[in-house]
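Worth saying up front: this structure is predicted, and the values here are computed from it rather than measured. Nothing fancy with the numbering, it's 1 onward along the sequence.
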Amino acid sequence: MNVVISIGGSVLAPDLDPGRVAAHAAAIEELSEAGCTVGVVVGGGGVAREYIGAARELGANEVQLDQLGIGVTRLNARLLIAALGERATLSPATDYDEAVSALRRDEVAVMGGVMPGQTTDAVAAEFAEAVDADLLVYATSANGVYDADPNADPDAEQFGRLSPTELVDIVVPMSRDAGASAPVDLLAAKLIDRADLRSIVLDGTDPSVLVDAVLEGDHGGTDIVPAACTEPTQWGE
């Protein structure tokens, strides 16, 4: 199974806890040992937002702010690479060709951000499309996709299963509302729709959840299932 996992920076390293990073690395190693080809995209999280906020006050423009964020994602990616050791690429891949080449060498390909204007949500979707991934997993701090921001609306309801087009329809209004928290960004949702990517959005704060989701399809999040998609063969074994 080819799988791409997007791990939010606030999930992997909210407080630079080596134990947390090691636990995520152990989950990725378990997937690799089970026969999965694994690519990982790491986000910037709260640290990136702090740098961007400080730089904005100093007068940095939007491209400079994006570059700061990309730098933090690559620092977080290096933390994960350090925990993975020889299984992973020596340094974060800086483009998709480099990441795909690493997978072909049977390495765990680890990426951060790639270019200004593109979040790691979108990087993960484009990476998954580039390698014809069987599964794309978003390990976030929320347990799936909701009809409203669950942090602001106590009556928000979780979706158990959506089509990619339905995901886009849900994310569009969230992306327009100031302060709203979409489960993935709009570009990522559109890429998932374009490529018909089988995807999962789940709470990844417990790394063992990733293993169950990828190997068994067992999770408490939201499945994004294209119309023509079949279950990964491993889930039926």
Side-chain angles (χ1 to χ4, degrees), residues 4-28 38-85 88-96 98-99 108-127 136-143 149-152 174-175 178-188 201-210 221:
V4 171
I5 301 170
S6 173
I7 304 178
S10 296
V11 171
L12 179 71
D15 48 11
L16 293 181
D17 177 4
R20 181 187 294 271
V21 178
H24 280 86
I28 293 166
V38 185
V40 185
V41 179
V42 182
V47 175
R49 288 188 288 273
E50 289 177 9
Y51 270 93
I52 288 169
R56 181 174 281 116
E57 289 189 20
L58 293 169
N61 62 42
E62 292 302 314
V63 172
Q64 291 172 319
L65 297 179
D66 282 348
Q67 294 285 19
L68 267 175
I70 290 168
V72 176
T73 67
R74 291 178 179 174
L75 283 174
N76 286 340
R78 285 186 180 277
L79 277 177
L80 184 61
I81 287 169
L84 287 167
T89 51
L90 286 173
S91 60
T94 57
D95 60 40
Y96 301 108
E98 190 179 338
V108 175
V110 183
M111 304 181 71
V114 172
M115 66 184 70
Q118 188 181 55
T119 68
T120 50
D121 286 352
V123 171
E126 196 155 355
F127 185 15
L136 168 61
V137 181
Y138 286 98
T140 73
S141 56
N143 62 331
D149 182 354
N151 294 316
M174 289 184 177
S175 68
S181 179
V184 297
D185 73 26
L186 181 57
L187 178 56
V201 181
L202 51 73
D203 183 346
T205 52
D206 177 1
S208 66
V209 170
L210 286 174

I'd like to check the side-chain contact (heavy atoms from CB on, under 4.5 Å) partners of [X]; sequence neighbours left out, ordered by chain and number.
X	answer
Ala83	Val21, Ala25
Pro116	Val63, Asp66, Gln67, Ile70
Ala60	Ala55, Gln64, Leu65
Ala99	Ala93, Ala109, Met111, Phe127

Heavy-atom pair with the smallest gap, counting every atom of [X] and [Y]:
X	Y	value
Pro14	Val11	CD-O, 3.8 Å
Leu210	His24	CD1-CD2, 4.4 Å
Ser10	Gly46	OG-N, 3.4 Å
Ala124	Val4	O-CG1, 3.7 Å
Ala125	Ala188	CB-O, 4.0 Å
Ala77	Gly112	CB-N, 4.3 Å

**OP:** Please confirm whether the backbone N or O of Leu202 pairs with a side-chain atom of Thr140, one donor and one acceptor, at under 3.5 Å?
**Re:** yes

Original post:
About how many Å separate CG of Asp17 and CG of Leu12, when rounded to the nearest 0.5 Å?
Top reply: 10.0 Å

Original post:
Do Ile28 and Ile7 have side-chain heavy atoms sitting under 4.5 Å apart?
Top reply: yes

Original post:
Considering only heavy atoms from C-beta outward, does the side chain of Asp203 approach that of Val209 to under 4.5 Å?
Top reply: no

Partners passing side-chain hydrogen bond (donor to acceptor under 3.5 Å, both in side chains) against [X] (at least two apart in sequence or in another chain):
X	value
Glu98	Thr94
Ser208	Asp206
Tyr51	none
Asn143	Tyr146

Original post:
If you look only at pairs with a residue in residues 111-123, which of them pass as a side chain to side chain donor-acceptor pair (under 3.5 Å), with sequence neighbours excluded?
Top reply: Tyr96-Gln118, Gln118-Glu126, Thr119-Asp185

**OP:** Write out all pairs satisfying side chain to side chain donor-acceptor pair (under 3.5 Å) with one or both partners inside residues 70-84, taking only residues at least two apart or from two chains.
**Re:** none

Original post:
In this structure, are over 12 heavy atoms from other groups packed under 6.0 Å from Leu58 atom CG?
Top reply: yes

Subject >> Arg56: salt bridge (charged side-chain N to carboxylate O under 4.0 Å, His left out) partners, not counting sequence neighbours >> reply: Glu62

Original post:
Under the side-chain contact (heavy atoms from CB on, under 4.5 Å) criterion, do Ile52 and Val72 qualify, and how do the steps go?
Top reply: CA-CA 10 Å; Ile52 288 169; Val72 176; over 6 Å; no

